[in-house]
J.: 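Here you go, one structure.
Note that ligands are numbered from 1 as they come in the structure, with each ligand's atoms numbered from 1 the same way.
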Amino acid sequence: MPCRRGNVLRTFRSRQSPFVSRNIYVLALESSADDTCAAVVSSNRKILSNVVAHQFQDQEKWGGIHPMISTECHQKRMPGTVRMALEESGMDMDSIDGIAFTRGPGMVSCLNVGANAAKTLAAALNKPIVGVHHMQAHALTPFLTSENPPQFPFLALLASGGHTMLLLATSPVSFKMLANTADVSIGNAFDRVSRELKIPWGEASGSARIGAGPMLEKIAAKHPTSNPYSFPELPLAMQGSLGFSFGGLVSSVQRLITKLGPAATEDSATQAAIAHAFQHAAVGQLQEKLMLALRSCERRGIAVKTVVASGGVASNMYLRSCVESTMKTLGIAVQYPPISLCTDNAAMIAWASMDRFLRGDVDPYDITVKPKWDLGELHAPPE
Ligand code: KG4
Ligand code: ZN
């Protein structure tokens, strides 16, 4: 089918003439992993709605994200989630100026649910679309939520279920990778250790559940920080080099659990001590790499004043206090999105698309998803 990008773009540009200054409203869809999300956000930083349908109940028996279950859940829930986001925002599609969706990275079948919904809706209603990089959206969330947004250049520490990255951000579309994980992500490590320790998923308000990572944090908090462990400290991986690795840490925890026997999972004090030791080693690795990255920037004459920590694991309060205290000694500010916007959500996708909608730099309707997408490959705005 021929793409009518030209027409759509013209319509949008004329609506967005610099002489007619008004806010624009974006409906965004996110489905890259296990949360089905839709949100309406305006160009003056108002989140009019932000709906997240979790899949905890559906995924719990698998102990992780199962792509087929996740895809099916997205397929079932995306229409209702979009409907709810519109209702909560008090808007209808006539007042929506553009539709954004997560283009990647993520699980292909999951990404396609949000992408196809967004593209079809946009084509039927003659609205422009923008496909967004999920990790760029995590990194830019403080520009939506903070009264005092970070100044470029800043370091972005993105810690989620799929990624652990330290990036130098020099503009909203320019990210240089300073450290990446050699194996699994920190979120995946939290989830696996939580499972190994047989920590049950928790109850939240209503029928909501608390997943493996946040539950490990809860259990670890029961270990008094002043108490020594009855076992050797877990090692910090890849010391002195700018790269992450969490696979070895997970294996060390597995060996420790085997050595300690049933007490590791059945004695609550031992379980809490192991959870704490793991969290301490995982977060310690983040702290060390942050220091290394800051030193490397300093050597290259790059004046970094802020660290932005985002992604699901950045909602961990132990991580926040450790990173903050390390950065305080160096006079570096740390910014996080509010907890509800650290984990996956569509408000961040809407915000990351906003500049492109405002510039009229929109995507064609035949755009495809990018399950693997290097953050260094974001396209620069046209001159
Ligand atoms: O960013 P996110 O919501 O989804 C991805 O893009 O992957 O991150 C989800 C990950 C999961 O591994 C989850 O267990 C972890 O973030 N997570 C946490 C916490 N909250 C979420 N890990 C440790 N402590 C938390 N409080
Ligand atoms: Zn994420």
Side-chain angles (χ1 to χ4, degrees), residues 28-37 39 50 52-56 59-60 62-67 70 74 101-107 110-111 114 132-141 156-165 181 184-197 199-202 204 208-221 246 249-250 275-276 278-283 285-286 308-323 336-349 351-352 371-373 375:
L29 278 54
E30 150 68 40
S31 65
S32 63
D34 60 341
D35 294 320
T36 313
C37 319
N50 184 33
V52 181
H54 296 292
Q55 299 180 0
F56 295 139
Q59 302 284 358
E60 190 170 2
W62 297 100
I65 304 179
H66 189 290
S70 200
H74 287 313
F101 64 96
T102 304
R103 188 181 177 200
M107 290 182 281
C110 294
L111 288 168
V132 169
H133 193 298
H134 181 90
M135 300 313 287
Q136 178 201 21
H138 272 307
L140 298 182
T141 312
L157 173 65
L158 304 183
S160 71
H163 297 87
T164 313
M165 310 191 294
T181 182
V184 297
S185 70
I186 186 168
N188 182 285
F190 265 88
D191 295 343
R192 279 162 68 174
V193 169
S194 196
R195 201 157 63 232
E196 294 286 343
L197 286 171
I199 296 173
W201 290 21
R209 306 279 280 148
I210 304 174
M215 275 312 292
L216 186 140
E217 178 185 5
K218 269 187 152 214
I219 298 295
F246 297 96
L249 178 57
V250 174
H276 189 279
F278 159 76
Q279 188 173 250
H280 179 72
V283 170
Q285 202 182 131
L286 303 183
V308 167
S310 188
V313 186
S315 57
N316 182 296
M317 297 313 285
Y318 181 80
L319 177 152
R320 290 182 175 211
S321 76
C322 292
V323 168
Y336 317 91
I339 296 214
S340 63
L341 296 176
C342 258
T343 45
D344 286 352
N345 65 87
M348 69 177 191
I349 302 298
W351 186 251
K372 290 201 185 321
W373 190 1
L375 197 41

J.: Could you check whether Phe190 and Phe246 have their ring centres less than 6.0 Å apart?
T.: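 Centroid separation for Phe246 and Phe190: 6.0 Å or greater.
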
J.: With a cut-off of 4.0 Å, which atoms of ligand 1 are near a heavy atom of Asn316?
T.: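 Selected atoms, number and element: 23 (C), 24 (N), 25 (C), 26 (N).
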
J.: Could you give me the CA-CA distance, side-chain angles and deciding distance for Ile199 and Lys218, then say whether side chain to side chain contact (heavy atoms under 4.5 Å, CB included) is met?
T.: CA-CA 10 Å; Ile199 296 173; Lys218 269 187 152 214; over 6 Å; no

J.: Compute the shortest N/O to N/O distance between Ala212 and ligand 1 and return yes if it is under 3.5 Å, no if not.
T.: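 By distance alone, the answer is no.
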
J.: Give a yes/no on ligand 1: does Gly162 have at least one heavy atom closer than 4.0 angstrom to it?
T.: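 For ligand 1, residue contact (heavy atoms, under 4.0 Å) with Gly162 is present.
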
J.: Any non-hydrogen atom of His134 lying under 4.0 Å from ligand 1?
T.: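 Yes, His134 has heavy atoms under 4.0 Å from ligand 1.
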
J.: Indicate yes or no for a side-chain donor-acceptor contact from Ser310 to the backbone of Ala139 under 3.5 Å, with no hydrogens or angles considered.
T.: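 Here the side-chain-to-backbone pair does not exist.
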
J.: The Zn ion (ligand 2) as vertex, arms to NE2 of His134 and OD1 of Asp344: angle to 10°?
T.: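 The two atoms form an angle at the metal of about 90°.
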
J.: I'd like to know if the side chain of Asn345 and the backbone of Thr343 have a donor-acceptor N/O pair within less than 3.5 Å.
T.: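 Yes, the answer is positive, given that a donor and an acceptor are paired below the 3.5 Å cut-off.
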
J.: Checking one value in my table: which N/O/S atom of His138 lies closest to the Zn ion (ligand 2)?
T.: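 Answer by atom name: NE2.
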
J.: Where does Pro214 meet ligand 1, judged by heavy-atom distances below 4.0 Å: at the side chain, the backbone, both, or neither?
T.: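 Looking at Pro214 and ligand 1, atoms from backbone and side chain both fall under 4.0 Å.
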
J.: Within the side chain of Thr181, is there an N or O that forms a donor-acceptor pair under 3.5 Å with the backbone of Thr164?
T.: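 Pair absent, no side-chain N/O of Thr181 close to backbone of Thr164.
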
J.: Report yes or no: does Ser31 contribute a side-chain atom to a donor-acceptor pair with the main-chain N or O of Cys110 at less than 3.5 Å?
T.: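 Yes, the answer is positive, given that a donor and an acceptor are paired below the 3.5 Å cut-off.
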
J.: Would you confirm whether His74, through its side chain, and Ala33, through its main-chain N or O, come within 3.5 Å as a donor-acceptor pair?
T.: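 Checking the backbone N and O of Ala33 against the side chain of His74, a donor-acceptor pair under 3.5 Å is found.
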
J.: Between His163 and ligand 1, which residue portion shows a heavy-atom distance shorter than 4.0 Å: side chain, backbone, both, or neither?
T.: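 Near ligand 1, His163 shows nothing, with every heavy atom at 4.0 Å or more.
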
J.: Report the C-alpha distance between Ser185 and His163 in whole Å, list the side-chain angles of each, state the deciding distance to 0.1 Å, and finish with yes or no for side chain to side chain donor-acceptor pair (under 3.5 Å).
T.: CA-CA 5 Å; Ser185 70; His163 297 87; over 6 Å; no

J.: Does His280, at its NE2 atom, have more than 12 non-hydrogen atoms belonging to other residues, nucleotides or ligands within less than 6.0 Å?
T.: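 No.
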
J.: Using a 4.0 Å heavy-atom cut-off, say whether Asp191 meets ligand 1 through its side chain, its backbone, both or neither.
T.: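 Looking at Asp191 and ligand 1, just side chain atoms fall under 4.0 Å.
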
J.: Does at least one non-hydrogen atom of Ser315 fall below 4.0 angstrom from an atom of ligand 1?
T.: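 Yes, Ser315 has heavy atoms under 4.0 Å from ligand 1.
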
J.: For Gly106, does its backbone N or O pair with a side-chain atom of Ser32 as donor and acceptor, under 3.5 Å?
T.: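 Judged by distance alone, no pair lies under 3.5 Å.
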
J.: Applying a strict 4.0 Å limit to heavy atoms, is Met317 in contact with ligand 1?
T.: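 Distance cut 4.0 Å: Met317 fails for ligand 1.
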
J.: For Gly187, take its heavy atoms, then give the atoms of ligand 1 lying under 4.0 Å from any of them.
T.: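 Those atoms are 12 (O).
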
J.: Under a 4.0 angstrom heavy-atom cut-off, which atoms of ligand 1 come close to Glu217?
T.: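 Once the distances to Glu217 are compared, the set is 24 (N), 25 (C), 26 (N).
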
J.: Using modelled atom types only, decide if a donor and an acceptor are shared between the side chain of Glu30 and the backbone of Asp35 within a distance under 3.5 Å.
T.: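 A pair under 3.5 Å: no.
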
J.: Check ligand 1 against Gly161 and write out every atom of the ligand that is under 4.0 Å from a heavy-atom position of the residue.
T.: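 Atoms satisfying the 4.0 Å criterion: 5 (C), 7 (O), 8 (O), 9 (C), 10 (C), 12 (O).
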
J.: Considering Val52, Asp344, Ile186 one by one, which has a heavy atom nearer to atom 2 (P) of ligand 1 than any of the others?
T.: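 The nearest heavy atom belongs to Asp344.
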
J.: Among Gly312, Gly311, Ala314, whose heavy atom sits nearest atom 17 (N) of ligand 1?
T.: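 Checking each option, the heavy atom nearest atom 17 (N) of ligand 1 is found in Gly312.
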
J.: For ligand 1, which atoms have a heavy atom of Thr343 less than 4.0 angstrom away?
T.: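 Within the 4.0 Å cut-off of Thr343, ligand 1 contributes 3 (O).
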
